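Below: the structure, in structure tokens.
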2 protein chains.
Amino acid sequence: MADESDYDHLCVCCLRGIMPTIARKWTICIVWELGRRPSMRFKDIMKDCGEISPKSLADVLKELSDTGLIERISYDEVPPRVEYHLTEHGRELREALGPMMKWAKRHNHLYMSYRKPGFARAPDL
Amino acid sequence: MADESDYDHLCVCCLRGIMPTIARKWTICIVWELGRRPSMRFKDIMKDCGEISPKSLADVLKELSDTGLIERISYDEVPPRVEYHLTEHGRELREALGPMMKWAKRHNHLYMSYRKPGFARAPDL
DNA sequence: CCGTATCCAGCGGGATACTG
DNA sequence: CAGTATCCCGCTGGATACGG
């Protein structure tokens with residue numbers, strides 16, 4: 001386990017670059033689910049996310065592609081086939097999110113009561 | 001180091017409760033900075049965050065209080081003095097965010113270029 | 001000092017229909 | 001199948017002024 005003092009030198013300014021992406025409604029969900037498989041198609045990701053609209057998914061995938069967290073591979077077939085997978089950076093990020101996920105799993109029930117239904121900033125899952 | 005397979009059983013639905021709070025513009029910043037000291041006053045947090053408005057800070061502090069991640073102690077003095085500190089849950093959360101912070105520190109420069117100035121969803125720091 | 005009250009602009013995200 | 005093109009609503013967070 002990491003020594004707490006390992007973190008003391010870290011400044012929130014480190015988050016300046018990645019925060020806009022992390023804080024998007026579906027980003028963590030997509031990164032996490034993508035990490036379960038070698039690669040996924042657009043429709044598959046939509047199914048896993050449940051309530052996401054095609055526009056929202058396309059928006060996030062574009063941003064994740066642009067920032068290099070995922071790679072998009074388009075096969076020249078009919079009907080079209082496109083596959084997405086995490087890059088090395090994406091996989092590292094997913095790993096780094098693991099402890100937060102574990103914490104969330106342990107305490108989720110405590111925070112569910114505070115949550116308002118239909119809240120826009122986070123998925124209903 | 002954690003084995004990657006430790007995370008495979010975790011589902012994004014675990015995030016349902018905490019995500020609305022995590023995804024707020026200033027939440028992580030405040031939790032992280034609060035973790036540096038035993039307790040902090042309203043004005044001190046404002047200074048550390050740099051660009052946050054009193055309303056926004058009050059909003060987030062309220063939410064963090066309601067969800068039990070921080071505790072608010074009001075001393076009956078004139079002029080008023082109020083101190084905030086992380087609860088046990090809050091400290092655990094901060095610890096869980098550590099790996100993400102480390103990842104962010106390593107890769108921040110890569111993502112800064114993608115970031116648009118004045119972006120509303122994340123602080124300018 | 002520690003907020004609250006009010007107002008409001010901007011953006012993210014949803015719904016829907018449509019295309020290559 | 002894998003998106004785009006529009007339109008629009010709701011919410012968040014900033015600015016500002018004020019109160020205990």
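Proteins come first, then strands; the chains are lettered A, B, ... in the order of their sequence lines, and each starts at number 1. Everything quoted here is computed from the prediction, not taken from an experiment. Values below: every heavy atom of this structure, side chains too, minus hydrogens, waters and symmetry copies.
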Considering only distance and modelled atom types, tabulate donor-acceptor pairs under 3.5 Å from the side chains of residues 53-61 of chain B, sequence neighbours left out.
{"unit_1": "B/S53", "atom_1": "OG", "unit_2": "B/S56", "atom_2": "N", "d": "3.2"}
{"unit_1": "B/S53", "atom_1": "OG", "unit_2": "B/S56", "atom_2": "OG", "d": "2.9"}
{"unit_1": "B/K55", "atom_1": "NZ", "unit_2": "B/D59", "atom_2": "OD2", "d": "3.0"}

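In this view, A/W103 and A/H107, A/Y111 satisfy the ring-ring contact (aromatic ring centres under 6.0 Å, His included) rule, not counting sequence neighbours. Taking the side chain to side chain donor-acceptor pair (under 3.5 Å) definition, one finds that A/K62 meets it with A/D66, sequence neighbours left out. Remark: A/T67 pairs with no residue by the side chain to side chain donor-acceptor pair (under 3.5 Å) rule, at least two apart or across chains. A/E33 pairs by the side chain to side chain contact (heavy atoms under 4.5 Å, CB included) definition with A/R36, A/D48, B/V12, not counting sequence neighbours. Residues passing the side chain to side chain contact (heavy atoms under 4.5 Å, CB included) test with B/A23, sequence neighbours excluded: A/R121. Residues satisfying the side chain to side chain contact (heavy atoms under 4.5 Å, CB included) test with A/R81, not counting sequence neighbours, are A/R41, A/Y75, A/E77, A/E83. Checked against side chain to side chain contact (heavy atoms under 4.5 Å, CB included), A/P123 has the following partners two or more places apart in sequence or in another chain: A/K25, A/W26, A/L125, B/M19.
The distance from atom CD1 of B/I52 to atom P of D/dT12 is 14 Å, rounded to the nearest whole Å. Between the CD1 atom of A/I30 and the C1' atom of D/dG3 there is a distance of 14 Å, given to the nearest Å. Atom-to-atom, CG of B/D76 to P of C/dC2 comes out at 14 Å; the value is rounded to the nearest Å. A/L61 places its CG atom 11 Å from the P atom of D/dA2, with the value rounded to the nearest Å. We find that CD of A/E63 is positioned 9 Å from P of C/dG13, with the value rounded to whole Å. Computed from coordinates, the B/R81 CZ to C/dC2 P distance equals 9 Å when rounded to whole Å. B/D59 has its CG atom 14 Å from the P atom of C/dT6, to the nearest Å. Per the geometry, CE belonging to B/M46 stands 12 Å off C1' belonging to C/dC1, to the nearest Å.
Using a 4.0 Å cutoff on non-hydrogen atoms, no part of residues 15-26 of chain A comes near DNA chain D.
When atom types are taken as modelled, the side chain of A/W32 and the backbone of B/L10 share a donor-acceptor pair closer than 3.5 angstrom.
When all heavy atoms of A/R72 and A/S65 are compared, the pair lying nearest together is CB-OG, 3.8 Å. Of all heavy-atom pairs spanning B/G17 and A/N108, the tightest one is N-OD1, 2.8 Å.
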### Message
What does the B/S/- profile of nucleotides 4-10 of chain D look like, 5' to 3', with a 4.0 Å heavy-atom cutoff to protein?
### Response
SBB----
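Donor-acceptor pairing under 3.5 Å is lacking for the side chains of A/T87 and A/E71.
Using a 4.0 Å cut-off, no side-chain N or O of A/S53 falls inside it from OP1 or OP2 of C/dG13. Phosphate proximity of C/dC1 to B/R41: absent, as no side-chain N or O sits under 4.0 Å from OP1 or OP2. OP1 or OP2 of D/dG3 sits under 4.0 Å from a side-chain N or O of A/R72.
Between its two ends, the helix from C/dC1-D/dG20 to C/dG20-D/dC1 turns its axis by 50°, counting five pairs per end and rounding to 10 degrees.
Heavy atoms of B/Y84 sit under 4.0 angstrom from primed sugar atoms or phosphate atoms, though from no base atom.
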